[in-house]
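Inspection log for the structure reproduced underneath, given as structure tokens.
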2 protein chains.
Amino acid sequence: MNLKELSQLLGLSQTTVSRALNGYPEVKEATRKKVAEAAQAHGYSPNVRAKGLATGRSNAIGHVIPTANSHEMVNPIFGDFIAGAGEIYMANNYEMMLTITDDANEEDIYRNLKTRGAVDGVILHGPKMNDTRIPLLIELGMPFVVHGRASGVDLPYSWLDVNNRSAFRRATDFLLDLGHRRIALLNGIETMDFAHRRRTGYHQALTERGVPLDPALLRSEEMTEHYGYSGAREMLAQPNSPTAFLVSSIISALGVRRAIEERGLKMGRDVSIVTHDDTLSYLANGETVPIFTATRSSVRDAGRALSQMLITLINTPNSDPQHTLLEAELTLGSSTGPAPQLASP
Amino acid sequence: MNLKELSQLLGLSQTTVSRALNGYPEVKEATRKKVAEAAQAHGYSPNVRAKGLATGRSNAIGHVIPTANSHEMVNPIFGDFIAGAGEIYMANNYEMMLTITDDANEEDIYRNLKTRGAVDGVILHGPKMNDTRIPLLIELGMPFVVHGRASGVDLPYSWLDVNNRSAFRRATDFLLDLGHRRIALLNGIETMDFAHRRRTGYHQALTERGVPLDPALLRSEEMTEHYGYSGAREMLAQPNSPTAFLVSSIISALGVRRAIEERGLKMGRDVSIVTHDDTLSYLANGETVPIFTATRSSVRDAGRALSQMLITLINTPNSDPQHTLLEAELTLGSSTGPAPQLASP
DNA sequence: CGGTTCTTTCAAAACGCTTTGGATTAACGG
DNA sequence: CCGTTAATCCAAAGCGTTTTGAAAGAACCG
């Protein structure tokens, strides 16, 4: 059933039927009702390509997902993010269009999305420092918003980010308050902007208290369970091992806990952990009492807010860039406790 | 730059330019080359909606993702699945179109995808027993393939599935061989077809050896870390507690391990675990030696194979339904060992 | 050299919608 | 009752492709 058939069936012109369905004022309420009913009855809804061709819009938002950094890994936060975004798209009649890429040709993908007119805008994931995609998208004139920020990019653009620096600074401060002095950081890959900011927060807190940085306590890798495990395992095996870990992902934190327990130590007593928690649906940090003390921020909420930001931006052209900086909560769990006292000489 | 402009620029008709670009034989090689170069130089690629309108195809595949069963949870295997599928789409010039839904209106979504002509086919995720979506899609005449199967649906349809029954049967057999008699099953939700089949395999193995089923050793829920933890914790606290766990997801298995270690027991010595492992990129089951003994099958490979199946099906109409049944590997890790001997009276 | 067959190109129709610019009818005011 | 305005509706153009049906030119054959 297409518009032509429906309009013939109703004895009306295509114009009138189209207008009735799209809520234009110049159609009598009685006929609008008739049209709506007929459309409903015959299960008519306008062909998405014809509509798009006529209006010049696709009503679709693009997400380009890098299977990150050579390891072919899909960021686990991704599922929850798009669950949030998908809600908003549904409510606003947008489609969500995904493209998976292995990094190499990501810029070509954006170019192509633009020239083919496949999407009305994109959400940029996983911004790096000095990210080259941002100038590209601006040059292309493609509406976009960034999940995160890109240090070193001076151009104006819209973003939504968690205050990673202050979160990790507070977390480090918290551990320092508990008496910890050897605090390890198991960070994400530090070309990623968020990881860079987290390290900065960690640095700031330490240096402000005059605690020296120890390179042996720093790692930066893709945030898998195994990374947390092996990183912690090696550090704990060294003399002068850390009494606390600051971890960039709850998945890696699970690995750290494994390494701790493998050594017969107890988390929260012998070794403390503070992790960042994106509140993923299948990795809830405990039910009532959190397992891990964590800097917490819902990535699903981020998906909701950011997609809404993009839709607004698309519908109000040449509006100013929007910025949202979310502060992470610091929630207390049972993974932290006072630093163990050193045996006196 | 659109086709009209490009053809004027070349002094050719739109027809010829279109044909040249689409590789039709009736255009001289020399002019094809000229056209290709000009298109390249001016960054032309055909508008996706216009092309779709003309051809009657969208070159897009739909994935309807339920934020499962009320808990608002996104299945964690989903990211890796679409990473696999995305590769194939990219290679075949298809777009991937996602819709997130909270279950209630899923059938409406399929109806709508069809009437709006938004996609050329869909991949059906998370089939339940007697799944009503399958007859619906057949009725709609929408090409589709199923990731899994639906017991109780007799209609012909294409699917790709892991042999969940035989995998869990083998896993159970393996534990029985090690002397375990009290084997707990932490299953997924049993309205899901895969969970039903796993339980069947578990049943078969036990009854064949004359080991009675104990309802106290069965759970069926959404496969979170917390589910594994609390399920195992409660069972281990009971008298006559299980000596082995069969777990439906590596995420829940992490929770089971936590419960085991919390009681001061050692995994693989005091209590064994066999888990299903979808080989998610961020939850690798150990690096060289697997942590968990597991029934293993790559969900990313499944994504690749299934999307290819769908594309073939779309391109060869009224072909017979295709079926692929993958056998899971049973890989030995360090989470299993002989059943501990009972203290003699 | 005339007729036939390829090869190469093109003009125009078609895809299914929105939107422009009128046209027609109804309502209103004096 | 007539001119003016408002309320409804419509025919046709336009969106950017692909594809149909034809035409023009080249090549071939006897």
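Everything numeric here is computed off the predicted structure, so don't read it as measured data. Sequence lines set the chain letters: A, B, ... in the order given, protein chains first and strands last, and positions in each chain run from 1.
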(message) Whole angstroms only, please: what is the CD-P distance between B/Gln8 and C/dC10?
(response) 12 Å
(message) I need the CD-P distance between B/Glu29 and C/dC6, as an integer number of Å.
(response) 20 Å
(request) Using whole Å, report how far CZ of B/Arg32 lies from P of C/dT8. (result) 10 Å
(request) Could you check how far CG of A/Leu6 sits from P of C/dC17, rounded to whole Å? (result) 9 Å
(request) Using the salt bridge (Lys or Arg N to Asp or Glu O under 4.0 Å) rule, pick out the option among B/Asp161, B/Asp154, B/Asp131, B/Asp193 that qualifies with B/Arg149. (result) B/Asp161
(message) Tell me the interatomic distance from B/Leu21, atom CG, to C/dT9, atom P, rounded to whole angstroms.
(response) 14 Å
(message) Generate the contact string for nucleotides 12-22 of chain D. Rules: B means base contact, S means sugar-phosphate contact only, - means no protein heavy atom under 4.0 Å.
(response) B-BBBBBBBB-
(request) Let me know the distance between CG of B/Leu12 and P of C/dA11, rounded to the nearest Å. (result) 11 Å
(message) Is there a side-chain contact between A/Glu87 and A/Ser307 in this structure, where contact means two heavy atoms from C-beta onward sitting under 4.5 Å apart?
(response) no
(message) In the structure I gave you, are the side-chain heavy atoms of A/Arg111 and A/Leu136 within less than 4.5 Å of one another anywhere?
(response) yes
(message) What is the separation between atom CD on A/Glu26 and atom P on C/dT18, rounded to the nearest whole Å?
(response) 13 Å
(message) Just to verify, what does A/His323 make a ring-ring contact (aromatic ring centres under 6.0 Å, His included) with, not counting sequence neighbours?
(response) A/Trp159
(message) Could you measure the distance from the CZ atom of B/Phe81 to the CG atom of B/Leu306? Nearest 0.5 Å is fine.
(response) 4.5 Å
(message) List the residues meeting side-chain contact (heavy atoms from CB on, under 4.5 Å) with A/Asn105, not counting sequence neighbours, and say none if there are none.
(response) A/Thr101, A/Asp102, A/Asp108, A/Ile109
